[in-house]
S.K.: 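For reference, the structure I am asking about is given below.
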Amino acid sequence: LDMFDKGKMVLNESLTDSMRSAKQFISELSNNLSHPWTIEEMAASSGLGTTRFTHHCKQLTNLTPMQLLTKKRIDWSKKLLLENPNQSATQIAYTCGFATSQYFSTVFKKQEKCSPQEFRVRNKVEVV
């Protein structure tokens, strides 16, 4: 407090940088993909406004926050589809944070150029 009172406190910019805050949130996002995120909530969780958070997200990933979230959810779903052959695509969709199985299938097909079931068949690992 003495340093603060005397005006000798030096601000460490690297600890307050908004880019750093966005990067930290993005790196932690995979730990909570099933949460029903909104852009506003992602920005608030990183301590930033939506415009600043979106700007940094695009700079860091070349994707908007929602595009990044969807990509991470699809990547997780691909892993679950292969690791859990007895689990339905609908169950996996809900596990990965998609609100409906129809939306999941639509987004999956757009990104992967096949349905979740086709993905399972094409990538089925033979047990020897």
S.K.: Please indicate whether N62 has more than 12 foreign heavy atoms, meaning atoms of other residues, nucleotides or ligands, lying under 6.0 Å from its CG.
M.R.: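 Not buried by this count: 12 neighbours or fewer within 6.0 Å.
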
S.K.: Heavy atoms, side chains only, cut-off 4.5 Å: are C96 and F104 in contact?
M.R.: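 No. Closest side-chain heavy atoms not under 4.5 Å.
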
S.K.: So how far is it from L81 CG to Q87 CD, rounded to the nearest 0.5 Å?
M.R.: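 These two atoms lie 8.5 Å from each other.
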
S.K.: Are W37 and S45 side-chain neighbours, meaning at least one heavy-atom pair lies under 4.5 Å?
M.R.: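 Yes. Closest side-chain heavy atoms under 4.5 Å.
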
S.K.: Indicate if L63 and L33 have the same hydrophobic cluster label, given that clusters are the connected sets of ILVMFWY residues with side-chain heavy-atom separations under 4.5 angstrom.
M.R.: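 Yes; tracing contacts between hydrophobic side chains, which count when under 4.5 Å, links both residues.
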
S.K.: Do R73 and L69 come close enough that some side-chain heavy atom pair is under 4.5 Å?
M.R.: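 Of all side-chain heavy-atom pairs linking L69 with R73, at least one is under 4.5 Å.
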
S.K.: Do the side chain of S46 and the main chain of A43 share a donor and acceptor less than 3.5 angstrom apart?
M.R.: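 Here the side-chain-to-backbone pair exists.
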
S.K.: Starting from I74, can I reach Y103 by hopping between I/L/V/M/F/W/Y residues whose side chains sit under 4.5 Å apart?
M.R.: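 Linked, Y103 and I74 end up in one cluster.
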
S.K.: Looking at OG of S34 and CH2 of W76, how far apart are the two atoms once the value is rounded to the nearest 0.5 Å?
M.R.: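 Reported value, rounded in 0.5 Å steps: 5.0 Å.
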
S.K.: If I take atom CG from residue L80 and atom CG from residue D75, how far apart are they, to the nearest 0.5 angstrom?
M.R.: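 Spacing of CG (L80) from CG (D75) equals 11.0 Å.
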
S.K.: Is the closest side-chain heavy-atom distance between S105 and P116 below 4.5 Å?
M.R.: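 Yes, at least one pair of side-chain atoms sits under 4.5 Å.
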
S.K.: Could you check if a side-chain atom of K58 sits within less than 4.5 angstrom of a side-chain atom of T64, using non-hydrogen atoms only?
M.R.: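 A side-chain contact exists here, since the closest heavy-atom pair is under 4.5 Å.
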
S.K.: Taking it one step at a time, do F108 and F98 satisfy ring pair (Phe, Tyr, Trp, His ring centres under 6.0 Å)?
M.R.: CA-CA 11 Å; F108 192 98; F98 288 95; 8.9 Å; no

S.K.: Distance from T61 atom OG1 to K72 atom NZ, nearest 0.5 Å?
M.R.: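 Atom-to-atom, T61:OG1 and K72:NZ are 8.5 Å apart.
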
S.K.: Do F119 and L82 touch side chain to side chain, with heavy atoms closer than 4.5 Å?
M.R.: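 Yes. Closest side-chain heavy atoms under 4.5 Å.
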
S.K.: Tell me if a side-chain donor or acceptor on S27 pairs with a main-chain N or O of Q24 at a distance below 3.5 Å.
M.R.: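 Pair found, side chain donor or acceptor close to backbone of Q24.
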
S.K.: Atom CE of M19 and atom CZ of R52: how far apart are they, to the nearest 0.5 Å?
M.R.: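 One finds 8.5 Å between CE of M19 and CZ of R52.
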
S.K.: Nearest 0.5 angstrom please: M66 CE to T54 OG1, how far?
M.R.: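 Interatomic distance, M66 CE to T54 OG1, rounded to 0.5 Å: 10.0 Å.
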
S.K.: Using the side-chain contact (heavy atoms from CB on, under 4.5 Å) rule, take R120 and I92 through it: C-alpha gap first, then chi angles, then the decisive distance, then the call.
M.R.: CA-CA 12 Å; R120 258 189 179 149; I92 289 172; 3.4 Å; yes

